[in-house]
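Labels below follow one simple rule: chain letters A, B, ... track the order of the sequence lines, proteins then strands, and each chain is numbered from 1.
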Amino acid sequence: MEIQYVYTKKRAEFGRQCIFSDRPAELLVDIAPNPDALKEFVERDPVDRGVQVVQEMSEHDVNTERFETDSHGLNHAEGGWPKDVNAQEVEQVIRFRKKVEKDEMYISTVQTLGGQMEHCIKQNNAIDIYQDYFSDVEIQASEEPPSAKTINVFKDPYKDRGVAHISWYPDGPTKLAIAYCNTDFQRAPKDTSTESYVWDVINPNSPEMTLKPVSPLVCLEYNPKDAHILVGGCYNGQVAYWDCRKGSQPIETSEVSTGHRDPVWKVIWNQSKTGTECFSVSTDGQVLWWDIRKFAEPIEKLYLDATKKQDASQAQGAYVLEYEPTIPTKFMAGSEQGAIFSCNRKGKTDADKIVAVYPGHIGPVYALQRNPQFPKIFMSVGDWTTRIWSEDIKENAIMWTKYHQSGLTDGCWSTVRPAVFFTSKTDGTLDVWDLLFKQNDPTLTVQVSDEPLQSLRLQEHGRLMACGSQGGVATIVELSEGFYAQNRNERNLVNTIFERETRREKILEARHREMKLKEKKGGGGDDEEEHGEEQGEDLMAKAEQDFFAAIENEKKLRERRKEERENAMREAESAGNEEEQGGEEERQNLERVEEGGEEEADNSPNEEQAAAAAAPAEEKGETEGNEKA
Amino acid sequence: AEVEETFKRILAHKGVVGVIIVNFDGIPIRSSFADSSLTVQYCALIQQLAHKSRSAIRDLDPGNDLTFLRIRSKKNEIMVAPDKDYLLVVVQEPCDQP
């Protein structure tokens with residue numbers, strides 16, 4: 001049925017104002033119910049319908065307010081005296097006591113008790129029953145799986161600041177000095193507090209002491225010789241030092257004019273007779289030495305210039321410094337551009353001062369530390385990998401980790417076990433690596449916080465690790481025994497690992513140099529350059545060919561393996577156990593071959609190494625093939 | 001007199017630092033410590049502890065009762081022999097017999 005309503009209007013009247021008027025309702029359409037439709041339905045009686053009566057509940061989180069605890073002493077006053085005895089009156093007290101002693105019960109009780117007591121005393125005297133047994137028995141390598149437990153969490157009372165640096169108290173794991181600073185470039189809100197704190201490990205509720213520098217501290221270090229002195233580097237380039245006993249204000253601060261022009265990223269105490277020397281590094285490319293007694297100007301200055309000319313304009317800014325107190329004149333600095341400088345403070349000429357420059361990382365070097373037990377080996381953390389270097393090999397690291405998903409922010413060696421080191425990442429995880437256990441992956445990964453971890457510090461005994469996050473939360477993590485229990489063989493094993501890797505790098509370096517020499521010997525001039533290029537191209541082609549040949553070999557070997565395995569399995573089903581064992585052995589061999597194949601795949605990206613590696617790999621593939629056949 | 005004897009005998013043992021006899025009210029009846037504030041401190045703290053441990057044992061098993069309490073610390077050992085009305089407290093520094 002069509003309902004139509006027609007409405008007409010003259011064109012001349014278009015656009016005219018509408019004048020509305022009321023009129024009574026008009027029935028347009030009346031649709032009556034159609035009783036025939038009822039036939040299509042059947043009446044239902046009774047009707048089933050589900051109804052639920054359930055208590056409405058809602059979930060609600062409640063967090064009780066943290067209650068503040070405080071330690072007090074209690075004064076015990078004498079009590080319990082009966083009413084007629086005044087505790088202060090000596091005579092009354094004596095009289096009371098005498099009365100009690102006359103009591104019969106008293107005498108007999110004391111005698112029995114005395115007897116019991118004597119038994120125990122004699123027992124104690126005979127053997128020390130609480131003695132530490134088996135303390136001299138060698139602690140075997142810990143059987144328990146590696147683990148780490150968060151013990152304590154310290155929160156920065158102010159928001160917006162990250163933990164820039166942590167330093168443990170030198171006399172034991174009782175205190176921590178933490179430097180807080182918002183390190184985002186110019187993004188810190190104006191009224192961010194400049195305070196940094198010293199926390200007592202037992203009390204995470206409130207800091208033990210506050211340090212109030214002029215500008216937020218980016219790094220903070222306890223003086224290892226004098227546990228009351230702290231030196232800190234500020235965001236504005238000044239360096240200041242505090243004495244814990246004297247209050248929150250710095251005792252002295254360096255001048256803005258003579259100090260650094262960029263935040264002072266690292267300050268380290270020097271080994272000196274007076275115990276008052278320290279040196280600092282900043283992204284303005286300078287390394288300055290200070291004597292804290294005279295902060296007006298630095299004692300010495302060095303530019304981190306890769307061209308070895310002490311040219312200030314070429315200097316690279318640095319984030320980290322490394323200093324080993326046992327090697328007092330040498331130190332290392334890791335720069336923003338990724339290079340690692342090894343320097344000698346006592347170099348006679350400018351060129352001598354910067355001894356070597358290592359290629360380092362793709363991005364800024366965030367951490368640099370020598371292995372406490374093998375000083376020639378040091379590790380550096382930057383971009384997405386950790387690299388281990390040997391001082392002698394300047395071209396490349398001797399060992400490195402694979403590229404991680406998130407950038408690394410800090411790292412350090414374990415002070416107790418030379419094979420263990422730690423790294424922190426921007427996804428908030430702490431990785432513990434044990435080179436003796438596994439070299440490709442961290443032995444333990446702990447998710448310490450949801451925010452990126454910015455700094456790490458291991459306490460001297462090797463058991464407690466403090467991690468600081470970008471949200472201003474410092475967590476203390478206790479490591480399981482395996483990480484700080486010393487193993488007798490460990491030193492030798494680790495030594496062999498490092499030596500082996502160093503040797504490998506040396507060989508590669510030597511080969512590299514030989515190849516360069518060969519190219520140069522090709523003569524001089526354009527022809528020879530082309531010849532050189534051709535040689536280069538030939539080399540590449542040859543390398544590719546070798547590589548593909550090796551892969552083809554592998555494929556054929558594997559197919560052969562598969563067939564043999566299938567045969568073996570069929571025979572095993574019909575025959576007996578011996579066949580199965582044979583099949584298993586073959587499977588194990590197959591796994592070894594597969595691993596060999598993976599190693600070859602890893603080597604391929606580096607062209608020069610491919611030429612060198614493909615040749616021995618081919619040989620390896622061939623010898624293995626010979627073994628199997 | 002016998003009490004004296006017992007007292008002296010205990011004191012004479014090797015390593016014993018001091019002996020205190022405490023009554024049920026917490027009053028030190030006899031003490032070998034010269035320092036009275038130390039005596040009072042021991043009395044108060046130990047008596048509460050002994051009382052608490054006794055009630056703990058009896059709560060766990062109503063038929064059980066505390067017979068002896070030994071507190072071993074780094075530096076010494078405090079031994080408490082409880083009774084219905086009195087407490088005998090001995091502080092000893094254990095050392096191995098040579």
Side-chain angles (χ1 to χ4, degrees), chain A residues 71-136 172-174 202, chain B residues 1-16 19 21-31 36-45 47-48 67-70 72-74 76-98:
Chain A
S71 303
H72 287 295
L74 265 190
N75 194 14
H76 285 278
E78 270 194 59
W81 293 101
K83 284 211 180 121
D84 50 347
V85 179
N86 184 358
Q88 310 301 326
E89 284 278 320
V90 184
E91 273 202 27
Q92 289 187 4
V93 163
I94 295 180
R95 225 186 304 151
F96 180 80
R97 285 200 169 125
K98 288 222 171 103
K99 195 176 66 170
V100 172
E101 287 179 0
K102 297 250 166 68
D103 187 14
E104 223 185 65
M105 266 284 298
Y106 174 75
I107 299 175
S108 55
T109 315
V110 172
Q111 281 179 325
T112 5
L113 293 181
Q116 282 181 4
M117 186 62 81
E118 281 199 295
H119 172 75
C120 289
I121 295 180
K122 286 181 190 158
Q123 206 179 41
N124 262 351
N125 278 339
I127 323 169
D128 183 9
I129 61 179
Y130 298 98
Q131 162 192 68
D132 209 12
Y133 300 110
F134 306 119
S135 56
D136 47 347
T174 51
I202 320 172
Chain B
E2 287 124 343
V3 171
E4 278 304 313
E5 230 188 84
T6 315
F7 210 76
K8 290 222 169 75
R9 210 177 46 223
I10 295 183
L11 262 181
H13 274 290
K14 191 164 165 217
V16 171
V19 188
I21 304 181
V22 192
N23 91 336
F24 61 90
D25 274 334
I27 305 172
I29 305 292
R30 279 223 60 184
S31 162
S36 70
S37 61
L38 183 63
T39 304
V40 170
Q41 214 177 6
Y42 262 112
C43 278
L45 296 166
Q47 202 228 10
Q48 287 178 30
T67 48
F68 202 83
L69 183 62
R70 254 185 180 177
R72 185 56 144 102
S73 75
K74 267 196 273 192
N76 46 25
E77 182 164 350
I78 304 173
M79 293 176 277
V80 182
D83 182 74
K84 203 158 58 79
D85 295 323
Y86 300 92
L87 230 69
L88 177 62
V89 181
V90 173
V91 180
Q92 185 192 22
E93 266 173 15
C95 47
D96 290 338
Q97 283 274 345

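- Between the side chain of A/Q111 and the main chain of A/Y106, no donor-acceptor pair closer than 3.5 Å is present.
- Using a 4.5 Å cut-off between heavy atoms, B/S37 makes no contact with chain A at all.
- A donor-acceptor pair under 3.5 Å links the side-chain atoms of B/N23 to the main chain of B/I27, judged by distance alone.
- Between the side chain of A/Q116 and the backbone N or O of B/F68 there is no donor-acceptor pair closer than 3.5 Å.
- Contact annotation for B/V16: only side-chain heavy atoms (C-beta onward) come within less than 4.5 Å of a heavy atom of chain A.
- A donor-acceptor pair is defined here as one N or O able to donate and one able to accept, closer than 3.5 Å; no such pair exists between the side chain of B/R9 and the backbone of A/G114.
- Using a 4.5 Å cut-off between heavy atoms, B/I21 contacts chain A through its side chain alone, with no backbone atom that close.
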